[in-house]
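What follows is a set of notes on a single structure, which appears directly below.
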Amino acid sequence: IGREGRNVRALEAATGIDLIIDDTPECITISCFNPVRREIARLAIGRLVADGRIHPTRIEEVVEKCEKEVDQSCKDAGEQAVFDLGLHRVHPEIVQRLGSLKFRSSYAQNLLAHSIEVGFLAGFMAEELGLGAKQARRAGLLHDIGKAIDHESEGPHALVGAEFLRKHGESPRVCQAVAAHHGETPQKALLDHIVDAANLLSAQRPGARREQLASYVKRLSDIEELAHSFDVVDKVYAIQAGREIRVIVYNTRVTDEKSV
């Protein structure tokens, strides 16, 4: 911690995070909205503890090294994603931001893996419909780029991402598909619908988003109990992770009109 907490203050100033030290033994918490900064702080703290020499100057040195490493890691991850989808002429700034999504997650689904998956799904759909698969893969891969910037700009991530892509030379069709994938902008072209559908498929397929088993089972049983509260209901089955329920009624107690 250092005299009067100077090491903690130096680390917070260098990384832009909040360090929470409470009564939990052998444990400190790194708090920050920016996941890249959080990763830099995590690496720096690990190295400082392993090294043992902890003072403000040393903290700044280690944080600087970790920043370079994390930046390189983002760049490599972005380049790999672009290469995997067979895309060309992607602006370096877009590649860097895309790679930073590997440190972000949504409902425990890694955002870079999700973006790559959406890119492939959009490409497959476009091929089936006789459209340009490469442009669909590009729009699919970049659809969530706004989530790498939304802590710096105000507005929904779809619109923030589309504006960022426009500034860095992406085609108007790709920008439109990115802006429209959550309905903030009206969907005009077929590509807009493809990216929206690919995004939903990737997010909602079984196993994509981790949920705690106990809360998942409780949610399904609550849905079934709710449907069972009608005295005319015989059996209820919650399926599709609770997005759909099958209800079987006693045919002697209910008419066709009442079943609705």
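This structure is a prediction, so every number in the text was calculated from the model and none was measured.
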Close side-chain approach of [X] and [Y], heavy atoms under 4.5 Å:
X: T57; Y: E61; value: yes
X: N7; Y: L48; value: no
X: E39; Y: E69; value: no
X: V178; Y: V195; value: no
X: L141; Y: I116; value: yes
X: H182; Y: P156; value: no
X: K65; Y: L43; value: no
X: L19; Y: I30; value: yes

Using the rule that Ile, Leu, Val, Met, Phe, Trp and Tyr join whenever any side-chain heavy atoms are under 4.5 Å apart, tell me whether [X] and [Y] fall into a single cluster.
X: V232; Y: V236; answer: yes
X: L85; Y: L165; answer: yes
X: I59; Y: V49; answer: yes
X: V36; Y: V62; answer: yes
X: V118; Y: F120; answer: no

Closest heavy-atom pair and its distance - [X], [Y]:
X: L112; Y: A81; answer: CD1-CB, 4.2 Å
X: G123; Y: A133; answer: O-CB, 3.7 Å
X: A126; Y: G132; answer: CB-O, 4.0 Å
X: A113; Y: N110; answer: N-OD1, 3.0 Å
X: I17; Y: C32; answer: CG2-CB, 3.5 Å
X: A158; Y: H181; answer: CB-CE1, 3.7 Å

Problem set entry | Modelled atom types, side-chain donor and acceptor of H143 and H114, under 3.5 Å |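 Distance-only check passes for H143 and H114.
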Sequence neighbours left out, cut at 3.5 Å: what donor-acceptor pairs do the side chains of residues 71-79 make with other protein atoms?
from : atom 1 : to   : atom 2 : distance (Å)
Q72  : NE2    : D76  : OD1    : 2.9
S73  : OG     : K102 : NZ     : 2.9

For this session: Could you tell me whether E4 and R9 make a salt bridge, using a distance below 4.0 angstrom between a side-chain N and a carboxylate O?
Result: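 The answer is no: the pair does not qualify as a salt bridge.
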Exercise. Residues in side chain to side chain contact (heavy atoms under 4.5 Å, CB included) with D51, at least two apart?
Worked result: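 D51 satisfies side chain to side chain contact (heavy atoms under 4.5 Å, CB included) with R53, R58 once adjacent residues are dropped.
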For this session: Show which residues join L200 in its hydrophobic cluster (side-chain heavy-atom contacts under 4.5 Å, direct or indirect), or state none.
Result: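 None; L200 is a cluster of one.
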To the closest 0.5 Å, what do you measure between [atom1] ([X]) and [atom2] ([Y])?
X: I28; Y: I45; atom1: CD1; atom2: CD1; result: 4.0 Å
X: N199; Y: S115; atom1: CG; atom2: OG; result: 8.5 Å
X: I54; Y: L11; atom1: CD1; atom2: CG; result: 9.0 Å
X: L87; Y: Q135; atom1: CG; atom2: CD; result: 11.0 Å
X: K258; Y: R253; atom1: NZ; atom2: CZ; result: 9.5 Å
X: E128; Y: I194; atom1: CD; atom2: CD1; result: 10.5 Å

Residues 185-193, side-chain donor-acceptor partners within the protein, below 3.5 Å, at least two apart:
from : atom 1 : to   : atom 2 : distance (Å)
Q187 : OE1    : H193 : ND1    : 2.9
Q187 : NE2    : A180 : O      : 3.1
Q187 : NE2    : D196 : OD2    : 3.1
D192 : OD2    : Q176 : NE2    : 2.9
D192 : OD2    : K188 : N      : 2.9
D192 : OD2    : A189 : N      : 3.3

Under the salt bridge (Lys or Arg N to Asp or Glu O under 4.0 Å) test, residues paired with [X] that sit two or more places apart:
X: R89; result: none
X: E127; result: none
X: R166; result: E163
X: K167; result: none

Problem set entry | Main-chain N/O of K147 paired with R104 side-chain donor or acceptor, under 3.5 Å |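 Indeed, once roles are kept as given, a pair shorter than 3.5 Å links the two residues.
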Problem set entry | S202 (side chain) donor-acceptor with A198 (main chain) under 3.5 angstrom |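 Answer holds: no.
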Problem set entry | Audit row: F164, V160, side-chain contact (heavy atoms from CB on, under 4.5 Å) steps and yes/no | CA-CA 6 Å; F164 173 76; V160 168; 5.6 Å; no
For this session: Determine which pairs satisfy ring-ring contact (aromatic ring centres under 6.0 Å, His included) with at least one residue from residues 230-257, sequence neighbours left out, and list them in order.
Result: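 Pairs touching residues 230-257 that pass the test: none.
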Exercise. Which residue pairs pass the ring-ring contact (aromatic ring centres under 6.0 Å, His included) test with at least one member in residues 54-99, sequence neighbours excluded?
Worked result: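 Listed by first then second residue: H91-H168.
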For this session: Keeping to residues at least two apart or across chains, list the salt bridge (charged side-chain N to carboxylate O under 4.0 Å, His left out) pairs with something in residues 10-38.
Result: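 Applying salt bridge (charged side-chain N to carboxylate O under 4.0 Å, His left out) to every pair that reaches into residues 10-38, excluding sequence neighbours, yields nothing.
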Exercise. Restricting to pairs with a member in residues 220-230, which pass salt bridge (charged side-chain N to carboxylate O under 4.0 Å, His left out), not counting sequence neighbours?
Worked result: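 Non-adjacent pairs meeting salt bridge (charged side-chain N to carboxylate O under 4.0 Å, His left out): K218-D222.
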Problem set entry | Criterion side-chain contact (heavy atoms from CB on, under 4.5 Å) on V90 and L98, from CA distance to verdict | CA-CA 11 Å; V90 181; L98 182 66; over 6 Å; no
